[in-house]
Amino acid sequence: MSFGKKIYFSPLGYIISVVQRLGGLFFKPFMIYGFYNSKQKKYFRSIRISSSAVITEKDKLDIADNVWVNHYARIDASGGVKIGEGCQIGYSSMILSHSSHMAIRLNGKMYIHMDINQRKGYIHKSVTIGEYTFIGGGSCIMPGVSVGKGCVIGVGSVVTKDVPDYSIVAGVPAKVIGSTLEIDAEFFTDEFVQKYYYDQSVIHKFRKI
C-alpha cells in the first residue's frame, strides 16, 4: 500500500476527507476517499465520491463501503436512497427519490406556498441499488425503483421499473437485454475470482455444475 493510501486509511483520513470536500468547492473535480454514513452512524474509508457530485439530504443516504460516485453525479436522497457495497455510479448519472412533475400542475400557483407533504401528486419514493451494480454514465434511476445486485445499467438509460439481480439493462425506458452471470461465468475457473467474487453463492453454484 502506498504512503498516500496509508494516510487515507489512518485516523487522519477523516480530517483529510473533510478538507478535500471543502477544497472541492473551489477546484476542478477530484475523487475524495471517505464518507460518513448518517444512517448507520459510521465512517466508511473506502467510499470514493467526486468533489463535483451533488447529494441532496445526505442524512437519508444509506451508502455502503467501496462505492464509487463519479464526477457530476447527482443523488437525490430526499425520499431515501440505499446503495449497496461496491456499486459504481457513472459520470453525470442521477438517482432520484422524488418528483414534482405532476404536483406542479395539480397545485398550480399554490405549489410554492405548500409544505412538501401537502402537495397533491408529489412523489417521494425510496430507491435501492443492490451491491456491486454498475450504473453507466448519464443514466437516471427514477423514484421507487429497486435495482438488484450485480447489475449493469447501460449508458444513458432511464430506469423506471425494478431490475432483477444480475441483469443488464439499457434504453429509454430501460429493458433487460442480458445477464451479467453469462459474462462473468467464463472467469469462474480462475482461483482469484473464486476467492474474491462478490457473490460466493453464485461461485458455489457454478462449481457444482
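Note that the numbering runs from 1 along the sequence shown for the chain.
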Worksheet item: Is a side-chain donor or acceptor of Ser99 paired with a backbone partner of Ile123 at a separation under 3.5 angstrom?
Response: no
Worksheet item: Are Asp62 and Gln40 close enough that a side-chain donor and a side-chain acceptor fall under 3.5 Å?
Response: yes
Fill in: Main-chain N/O of Ser167 paired with Thr180 side-chain donor or acceptor, under 3.5 Å
no
Worksheet item: Within a radius of less than 6.0 Å around OH of Tyr14, do more than 12 heavy atoms belonging to other residues, nucleotides or ligands occur?
Response: no
Item to complete: Determine whether the aromatic ring centres of Phe188 and Tyr197 lie less than 6.0 Å apart.
Response: yes
Worksheet item: What is the distance from atom NZ of Lys120 to atom CE of Met102, rounded to the nearest 0.5 Å?
Response: 12.5 Å
Worksheet entry | From Ser93 atom OG to Ile141 atom CD1, the distance as rounded to the nearest 0.5 Å | 8.0 Å
Worksheet entry | Pair Gln118-Asn107, side chain to side chain contact (heavy atoms under 4.5 Å, CB included): steps then yes or no | CA-CA 10 Å; Gln118 296 176 325; Asn107 298 280; over 6 Å; no
Discussion item. Please determine whether residues Val169 and Ile95 belong to a single hydrophobic cluster, defined as Ile, Leu, Val, Met, Phe, Trp and Tyr linked transitively by side-chain heavy-atom distances below 4.5 Å.
Written reply: yes
Practice prompt. Only one of Thr128, Val127, Ile153 passes side chain to side chain contact (heavy atoms under 4.5 Å, CB included) with Val147; say which it is.
Written response: Ile153
Item to complete: Compare all side-chain heavy atoms of Val158 with those of Met142 and state whether any distance is below 4.5 angstrom.
Response: yes
Discussion item. Taking CZ in Arg48 as the centre, count heavy atoms belonging to other residues, nucleotides or ligands within less than 6.0 Å. Is the count above 12?
Written reply: yes
Item to complete: Under the side chain to side chain contact (heavy atoms under 4.5 Å, CB included) rule, what do Phe35 and Leu61 come out as? Steps first, then yes or no, please.
Response: CA-CA 11 Å; Phe35 185 84; Leu61 173 62; 4.1 Å; yes
Fill in: Nearest heavy atoms of Lys28 and Ser51, plus distance in Å
O-OG, 4.0 Å
Worksheet entry | Tyr36 reachable from Ile15 in the ILVMFWY side-chain graph, under 4.5 Å edges | no
Item to complete: Indicate yes or no for a side-chain donor-acceptor contact from Ser179 to the backbone of Leu181 under 3.5 Å, with no hydrogens or angles considered.
Response: yes
Discussion item. Under 4.5 Å between side-chain heavy atoms, counting indirect links through other Ile/Leu/Val/Met/Phe/Trp/Tyr residues: same cluster for Tyr198 and Ile203 or not?
Written reply: yes
Item to complete: For residues Ile183 and Glu186, report the shortest heavy-atom separation together with the two atoms involved.
Response: O-CG, 3.6 Å
Item to complete: Could you tell me how the ring of His98 sits relative to the ring of Tyr122: parallel (under 30°), tilted (30 to 60°) or perpendicular (over 60°)?
Response: parallel
Fill in: From Val67, Asn70, Ile55, Ile32, residue fulfilling side chain to side chain contact (heavy atoms under 4.5 Å, CB included) relative to Ile49
Ile55
Practice prompt. To the nearest 0.5 Å, tell me how far Met94 CE sits from Ile135 CD1.
Written response: 11.5 Å
Response to the item:
Between Pro164 and Cys151, the two heavy atoms sitting closest are O-SG, 3.1 Å
Worksheet item: NZ of Lys205 to CD of Gln200: how many Å apart, nearest 0.5 Å?
Response: 15.0 Å
Worksheet entry | Verify same cluster id: Ile168, Ile89 (apolar side-chain graph, 4.5 Å) | no
Worksheet item: Roughly how far, to the nearest 0.5 Å, is the NZ atom of Lys39 from the NZ atom of Lys58?
Response: 16.0 Å
Fill in: Minimum side-chain heavy-atom gap Met31-His71 below 4.5 Å
yes
Worksheet item: Is Asp76 reaching over with its side chain to a backbone N or O of Thr56, donor-acceptor style, under 3.5 angstrom?
Response: no
Worksheet item: Among the clusters formed by ILVMFWY side chains lying less than 4.5 Å apart, do Val163 and Val172 turn up in the same one?
Response: yes
Worksheet entry | Min side-chain heavy-atom separation Val54-Ile75 under 4.5 Å | no
Worksheet item: What closest approach, in Å, do Ser78 and His124 show between heavy atoms, and which atom pair accounts for it?
Response: OG-NE2, 3.3 Å
Discussion item. Main chain of Gly79, side chain of Ser97: is a donor-acceptor contact present, judged purely on distance under 3.5 Å?
Written reply: yes
Item to complete: Take Glu85 and Tyr132 through the side chain to side chain contact (heavy atoms under 4.5 Å, CB included) test and state the conclusion after the steps.
Response: CA-CA 6 Å; Glu85 181 179 355; Tyr132 291 90; 3.3 Å; yes
Worksheet, complete the sentence: Rounding to 0.5 Å, atoms CG (Asp184) and CG (Asp199) come to a distance of 10.0 Å
Item to complete: Indicate yes or no: at least one non-hydrogen side-chain atom of Val202 is less than 4.5 angstrom from one of Tyr166.
Response: yes
Worksheet item: Which heavy atom in Gly34 sits nearest to a heavy atom in Ser17, and how many Å separate them?
Response: O-OG, 3.3 Å
Item to complete: Would you name the heavy atoms of Ile63 and Asn37 that are closest together and state the gap between them?
Response: O-ND2, 2.8 Å
